[in-house]
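Just so you know, residue 1 is the first one in the sequence shown, and it goes up from there.
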Amino acid sequence: MSPPPLRIVLVEFSPSGGLFQFSFQMGRALARAGHHVTLLTGPDPEMVSGEARFEVAPVLPTWHPGAGVEPVVVRKLRRPVRAARLVAAWLQVGRMVREIRPDVVQWSEWRFSIDGLLASLIARRGWAGVCADVAHSPIPLQEQRGDAGPYRRGGVLYGGLGRGYRAMDLLLVLGESSRTDLLATWPGVSRVEVIPFGDLGVLAHGDPVDPGDCPEQVVFFGSLTGYKGLDLLLDAFAAVRAQRPAATLKIAGPVVGDLDVKDLARRARAIDGVQFLPGYVPAEDVPGLVGGARLLAAPYRRSNASAVVRLAQTFGRPVVVTDVGDLAESVDDGVTGLVVAPEDTTALASAMVRLLSDPGEASRMGAEGRRRLMEESSWEVVAGRLDALYRSVLETNPAPAAATARRRIR
């Protein structure tokens, strides 16, 4: 007899963007595997569920990513308001977990000390059989201009996040490098497991166009922030244009606080063939942006896992990445894309020229990346891995599991 389905609550505070899309696809995959899933998120979510066992519940007073470039003073003035809304969102999460009493409650990406503190409080109440978190960035990256160093530091931040991580029964990461970073940064955590990233099929419509049939266009897509090396990309693309005069570059995504967007826009204007498109890209616009490109580029200075590789592979595009964190681990150099050393603009330019000048090679790499993604890292594979992990933890947590067993939906 097969084991009973689990009652799972996923928590993603942002109702749109990459983390929401990740959580949405995870919830849908778990529902298709037979579990009953509720995704708690903010108002007017970007996607709605069509699955009978999967509910997207827009019950949190959070907000969507910014639509464009905002003055620094606006961001500073709204911080207290958003801080209050975040606290209110956490209180609502606590109320709903207490009411639902799920077998599993799982968060996605904590950024502030209060996240860890309140998650630890909920975990200690015993309202769920398993408390889990997906640590997309095990070491919190710096996102404010003027602060030294690539990572956010501070005793309050690390104390709060550390308390949350150590209170979890299960921590999930998206690569071995991320697992190493998490264990080194947050000693005392109970269990850290690597899961596949999954695809981004929720953004695709039908079969992708062959990249070899597309113009010589490079796309950078994702949040625009300092550690992603956009200045390096522009320097490299200037060299690309000298060899491939027809080549174009599109840079698109929401702006993060540490980026001098005016300076970046000025540099982009100085190079022929560059389109700089700061601002959130709605899900329905992604196929046109990515599907019209020959390749994607991710010239990051540092990274853990990144959705950009999975996005490229979903659309059958080769990707040029730097050898940092788990980014390069998801690309087979010369087979599904190209891997170059970080901060090396010459190597970055050469890799882009190689794929732009050889449409056949771009087609072969793109097709192989998509094949491997669908066979080895599909959401069906992810759901199966999660099911095994959840049940393994439930077996070692008999008291909370017994307390929730009578509330399971069968």
Side-chain angles (χ1 to χ4, degrees), residues 10 18-19 21-35 106 108 132 134-136 138 170-182 191-211 221-222 286-287 290-291 295-298 300 303-339 355 361-392:
L10 304 179
L19 293 178
Q21 293 156 13
F22 179 90
S23 296
F24 179 91
Q25 291 190 113
M26 179 178 285
R28 187 173 64 176
L30 288 166
R32 288 176 175 176
H35 303 296
Q106 181 173 291
S108 171
V134 182
H136 289 268
L170 177 64
L171 291 169
L172 302 169
V173 293
L174 303 172
E176 289 296 338
S177 177
S178 295
R179 185 176 189 274
T180 299
D181 285 346
L182 194 148
R191 184 170 181 179
V192 182
E193 298 285 351
V194 178
I195 61 170
F197 196 104
D199 60 78
L200 280 163
V202 72
L203 299 176
H205 305 295
D207 294 330
V209 176
D210 189 323
F221 175 63
V286 173
V290 177
L295 67 123
L296 271 66
Y300 295 7
S303 177
N304 300 113
S306 173
V308 68
V309 174
R310 300 310 182 197
L311 180 69
Q313 293 168 343
T314 298
F315 282 87
R317 263 67 192 147
V319 59
V320 176
V321 304
T322 44
D323 190 3
V324 293
D326 291 313
L327 196 63
E329 291 182 16
S330 53
V331 176
D332 188 349
D333 187 31
V335 180
T336 63
L338 298 173
V339 181
L355 292 171
E361 186 169 40
S363 295
R364 287 191 296 274
M365 288 187 184
E368 180 61 14
R370 178 174 168 81
R371 184 192 69 79
R372 293 189 185 187
L373 174 66
M374 297 307 177
E375 290 183 3
E376 302 170 8
S377 188
S378 69
W379 281 106
E380 183 179 7
V381 172
V382 177
R385 172 75 170 146
L386 289 171
D387 179 89
L389 288 171
Y390 295 153
R391 295 187 190 279
S392 173

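- Partners of D210 under the side-chain hydrogen bond (donor to acceptor under 3.5 Å, both in side chains) rule, at least two apart in sequence or in another chain, are S363.
- With sequence neighbours excluded, the residues satisfying side-chain hydrogen bond (donor to acceptor under 3.5 Å, both in side chains) with E375 are R371.
- In terms of the ring-ring contact (aromatic ring centres under 6.0 Å, His included) criterion, Y390 has no residue partners (sequence neighbours excluded).
- A383 is linked by a side chain to side chain contact (heavy atoms under 4.5 Å, CB included) to A29, L30, A33, counting only residues two or more places apart in sequence or in another chain.
- Of the inter-residue distances, the one linking L311 atom CG with F197 atom CZ reads 9.5 Å to the nearest 0.5 angstrom.
- Note: H35 NE2 to L386 CG = 8.5 Å, rounded to the nearest 0.5 Å.
- The closest side-chain heavy-atom distance from L355 to M365 is below 4.5 Å.
- Side-chain N or O atoms of W379 include none that pairs as donor or acceptor with a backbone N or O of Q25 at under 3.5 Å.
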Q.
Assess the residue pair L338 and L295 against the criterion (side-chain contact (heavy atoms from CB on, under 4.5 Å)); give the C-alpha distance rounded to whole Å, side-chain angles, the decisive distance to 0.1 Å, and a yes or no.
A. CA-CA 10 Å; L338 298 173; L295 67 123; over 6 Å; no

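- By the side chain to side chain contact (heavy atoms under 4.5 Å, CB included) test, S330 pairs with V309, R310, sequence neighbours left out.
- Residues forming a ring-ring contact (aromatic ring centres under 6.0 Å, His included) with F221 (at least two apart in sequence, or on another chain): none.
- Looking only at side-chain heavy atoms (C-beta outward), L10 and F22 stay at 4.5 Å or farther from each other.
- With sequence neighbours excluded, the residues satisfying side-chain hydrogen bond (donor to acceptor under 3.5 Å, both in side chains) with S108 are E12.
- Nearest heavy-atom pair across P196 and S377 is CB-OG, 3.3 Å.
- Heavy-atom minimum distance, V290 versus R317: O-NE, 3.5 Å.
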Using the side-chain contact (heavy atoms from CB on, under 4.5 Å) rule, take V319 and T336 through it: C-alpha gap first, then chi angles, then the decisive distance, then the call. CA-CA 7 Å; V319 59; T336 63; over 6 Å; no

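- Among residue pairs with one or both ends in residues 326-337, those qualifying as salt bridge (Lys or Arg N to Asp or Glu O under 4.0 Å) are D332-R372; sequence neighbours excluded.
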Test side-chain contact (heavy atoms from CB on, under 4.5 Å) on D181 and E176 and set out the steps.
-> CA-CA 9 Å; D181 285 346; E176 289 296 338; over 6 Å; no

What side-chain donor-acceptor pairs closer than 3.5 Å can you find for residues 200-209, not counting sequence neighbours?
none

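- E193 pairs by the side-chain hydrogen bond (donor to acceptor under 3.5 Å, both in side chains) definition with R191, R385, not counting sequence neighbours.
- In this structure, S392 contributes its side chain and A388 its backbone to no donor-acceptor pair below 3.5 Å.
- The two atoms that bring G198 and L373 nearest to each other are O-CD1, 3.7 Å, heavy atoms only.
- Considering all non-hydrogen atoms of both residues, G316 and R370 come closest at CA-CB, 4.1 Å.
- In this structure, L327 CG and T322 OG1 are separated by 5.5 Å, a value rounded to the nearest 0.5 Å.
- A 4.5 Å side-chain heavy-atom check between D199 and Q313 finds every atom pair outside the cut-off.
- Atom CZ of residue R28 and atom CZ of residue R32 lie 4.5 Å apart, to the nearest 0.5 angstrom.
- The shortest distance between side-chain heavy atoms of P287 and F315 falls below 4.5 Å.
- Side-chain atoms of V308 and L296, non-hydrogen and from C-beta on, do get closer than 4.5 Å to each other.
- Within the 4.5 Å cutoff, side-chain heavy atoms of V381 are placed close to those of S378.
- Legend: residues meeting side chain to side chain contact (heavy atoms under 4.5 Å, CB included) with V192, ordered by chain and number and at least two apart, are L171, V173, R179, L182, L183, V189.
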